[in-house]
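Index from 1, following the sequence.
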Amino acid sequence: MLEARLLRLDDKAHHHAHDHHQLVMSLAGRAEFEVDGRGGEVCRMRACLVPGDAGHEFAGKGDNRMLILDLDGEGTPADDLEMLERLFETPRYPDLDADFQNLLNYAGAELARYGNDPMLARSLGGILLRALYLRLFGDAKPRRGTALDLERLDVFIRDNLARRISVAELAQVACLSPSHFHAQFKDALGLTPHQYLLKTRLDSASRLLRDSDRPLVRIAEECGFSSQSALTTAMRRYLGLTPKRLRDSD
C-alpha cells in the first residue's frame, strides 16, 4: 500500500501512532516532529521518516503544505520490502538536496492537478521513496583524489559565517583545486558548495530566530546575509515563510 496526499498541518500539537510508515516532506513552510523521542524539523531542505508503530508528535508552524506518503508492506515486492525496512528502521530527518527538491516540486504539482488518480500517486510516491533511499544507502560513486574532511570544512564555515566565503577558500581548506573540490563536494553531499553554504546560513538564522530575541538585521549580519531583506527573500524562497512568521510561530 502506498498513498500520497497533500495536507496542511495545523498549529495544534497532535500525538498518535499507526501501523504504517510515513514519509513527510514540505512543499512550503515547516513543521516540528518528535518521533520516539527524537525531535526534528520538516522544511524544504529536510524530511521526516516515521516508522510504523512509532509514537510521534507533530505540529505545523504557520502556513505550510506537506506531501505525505503513507505506506506499508502489503502487496510489496521483496526488493521494495528491503528498501522500506532500511528506510524506516529508525526515525530519521534526512537532508534534501537541490535535485530532490526539484523532484518534490514536480510531484507536488502533479498531485495537486491529478491527485484523484491513484496510479499517478503511487508512481510519484515510489519515485520519491527510491530517490531518497539511493541518497541514504545507494552505493557511493568511486571518488578520485583526497577524501574531504567535512568536519574541518564545517568548522571553517561556522567560524567565518558572518562574511562572504568563496569556493576557492573552501578548496584551499580541503587542499584541492577549486574544480576538483566542487566536484568532490557535490559527489559527497549532493549539494554544491554554494547550496551548502546557503543551507548552513539558513539553519543558523532559523535557530537564532527561534532561540534568541536578536534583531533581524543583526541575525542577517551574523549569518552572512548582505541585508535583512536578503535573509527574508532566502527564507521565503527556501523555507516558505518569512523570518517574522518563523519567530511568531514559536
Side-chain angles (χ1 to χ4, degrees), residues 6 8-11 24-33 39-48 59-67 93-109 112 153-173 178 181-182 185-186 189-250:
L6 303 177
R8 180 191 182 278
L9 300 181
D10 63 44
D11 295 342
V24 184
M25 299 163 287
S26 172
L27 294 166
R30 68 187 188 96
E32 292 183 351
F33 274 72
E41 181 181 71
V42 176
C43 62
R44 289 286 296 146
M45 295 179 286
R46 191 172 297 112
C48 180
K61 293 297 179 180
D63 291 336
N64 67 83
R65 186 163 171 260
M66 302 290 158
L67 195 163
Y93 298 92
D95 290 337
L96 306 179
D97 60 57
D99 291 336
F100 190 96
Q101 291 176 37
N102 289 334
L103 180 61
L104 178 59
N105 286 340
Y106 171 77
L153 286 166
D154 278 337
V155 169
F156 179 84
I157 291 170
R158 288 197 301 270
D159 288 346
N160 296 276
L161 196 63
R163 66 173 182 85
R164 181 182 180 276
I165 302 172
S166 70
V167 174
E169 287 181 278
L170 294 176
Q172 188 174 20
V173 173
F181 171 75
H182 189 283
F185 194 95
K186 191 170 190 304
L189 297 180
L191 297 169
T192 68
H194 284 300
Q195 290 167 343
Y196 187 79
L197 280 169
L198 177 59
K199 176 182 179 300
T200 303
R201 296 187 195 283
L202 286 172
D203 283 346
S204 180
S206 296
R207 285 193 297 270
L208 289 173
L209 284 164
R210 289 194 299 265
D211 302 335
S212 78
D213 57 359
R214 288 181 177 87
L216 183 55
V217 64
R218 184 178 168 191
I219 290 176
E221 291 172 355
E222 291 181 10
C223 296
F225 291 93
S226 60
S227 65
Q228 177 177 324
S229 63
L231 171 59
T232 299
T233 298
M235 280 198 155
R236 184 184 290 114
R237 179 177 180 184
Y238 293 100
L239 301 183
L241 73 171
T242 64
K244 184 178 186 302
R245 291 294 300 274
L246 190 153
R247 174 169 272 172
D248 290 346
S249 67
D250 292 302

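Put simply, the side chain of L246 reaches to within 4.5 Å of the side chain of R30, judged on heavy atoms. In this structure, T232 and L216 have side chains that are in contact, with non-hydrogen atoms separated by less than 4.5 Å. Proximity of L231 to P243: side-chain heavy atoms (C-beta onward) are separated by under 4.5 Å at one or more points. No side-chain heavy atom of L153 sits under 4.5 Å from any side-chain heavy atom of Y196. Within the 4.5 Å cutoff, no side-chain heavy atoms of F100 are placed close to those of D95. Counting heavy atoms from C-beta outward, R245 and R236 have side chains that stay 4.5 Å or more apart.
For R237, the CZ atom counts as loosely surrounded, since its 6.0 Å shell holds 12 or fewer non-hydrogen atoms of other residues, nucleotides or ligands. Around atom CZ of R164, no more than 12 heavy atoms belonging to other residues, nucleotides or ligands sit under 6.0 Å away. Annotation for N102: atom CG counts as buried by contact number, over 12 foreign heavy atoms lying within 6.0 Å.
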Show your working on salt bridge (charged side-chain N to carboxylate O under 4.0 Å, His left out) between E222 and R214 and close with a plain yes or no.
CA-CA 10 Å; E222 291 181 10; R214 288 181 177 87; 3.3 Å; yes

After noting the C-alpha distance and the side-chain angles of V167 and F185, does the key distance pass the side chain to side chain contact (heavy atoms under 4.5 Å, CB included) rule?
CA-CA 10 Å; V167 174; F185 194 95; over 6 Å; no

One pair to check against side chain to side chain contact (heavy atoms under 4.5 Å, CB included): S212 and R247. What are the steps and the verdict?
CA-CA 9 Å; S212 78; R247 174 169 272 172; 4.1 Å; yes

Between Q195 and D97, does the side chain to side chain contact (heavy atoms under 4.5 Å, CB included) criterion hold? Intermediate values first, please.
CA-CA 8 Å; Q195 290 167 343; D97 60 57; 6.0 Å; no

With salt bridge (charged side-chain N to carboxylate O under 4.0 Å, His left out) as the criterion, how do R207 and D203 come out once you've worked through the C-alpha distance, each side chain's angles and the decisive distance to 0.1 Å?
CA-CA 6 Å; R207 285 193 297 270; D203 283 346; 5.1 Å; no

So L96 and R44, side chain to side chain contact (heavy atoms under 4.5 Å, CB included) or not? Walk me through it.
CA-CA 8 Å; L96 306 179; R44 289 286 296 146; over 6 Å; no

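No donor-acceptor distance shorter than 3.5 angstrom exists from the side chain of R65 to the backbone of A28, with no hydrogens or angles considered. For S204 (side chain) and T200 (main-chain N/O), no donor-acceptor pair under 3.5 Å exists by modelled atom type. Checking side-chain atoms of N64 against main-chain N and O of G62 turns up a donor-acceptor pair under 3.5 Å. Here the side chain of R201 pairs a donor or acceptor atom with the backbone of L161 at under 3.5 angstrom.
Residues A220 and S227 come closest through the heavy atom pair CB-O, 3.7 Å. Between I165 and L197, the shortest heavy-atom distance links the atoms O-CD1, 3.7 Å. Residues G60 and A31 come closest through the heavy atom pair CA-CB, 3.9 Å. The two residues V42 and A47 have their closest heavy-atom pair at CG2-C, 4.2 Å. Residues F181 and P193 share a closest heavy-atom pair of CE2-CG, 3.7 Å. Scanning both residues, A234 and L198, for their nearest heavy atoms gives CB-CD1, 4.3 Å.
Between the CD atom in E32 and the CG atom in L9 there is a gap of 11.5 Å [rounded to 0.5 Å]. In this structure, the separation between CE on M235 and SG on C43 is 9.5 Å, given to the nearest 0.5 Å. Between the OG atom of S26 and the CD atom of E41 there is a distance of 9.0 Å, given to the nearest 0.5 Å. Separating the CG atom in L104 from the CG atom in D99 is a distance of 12.5 Å, to the nearest 0.5 Å. Rounded to the nearest 0.5 angstrom, Q228 CD and T233 OG1 are separated by 10.5 Å. Note that CD of E221 and OG of S226 are 10.5 Å apart. Values are rounded to the nearest 0.5 Å.
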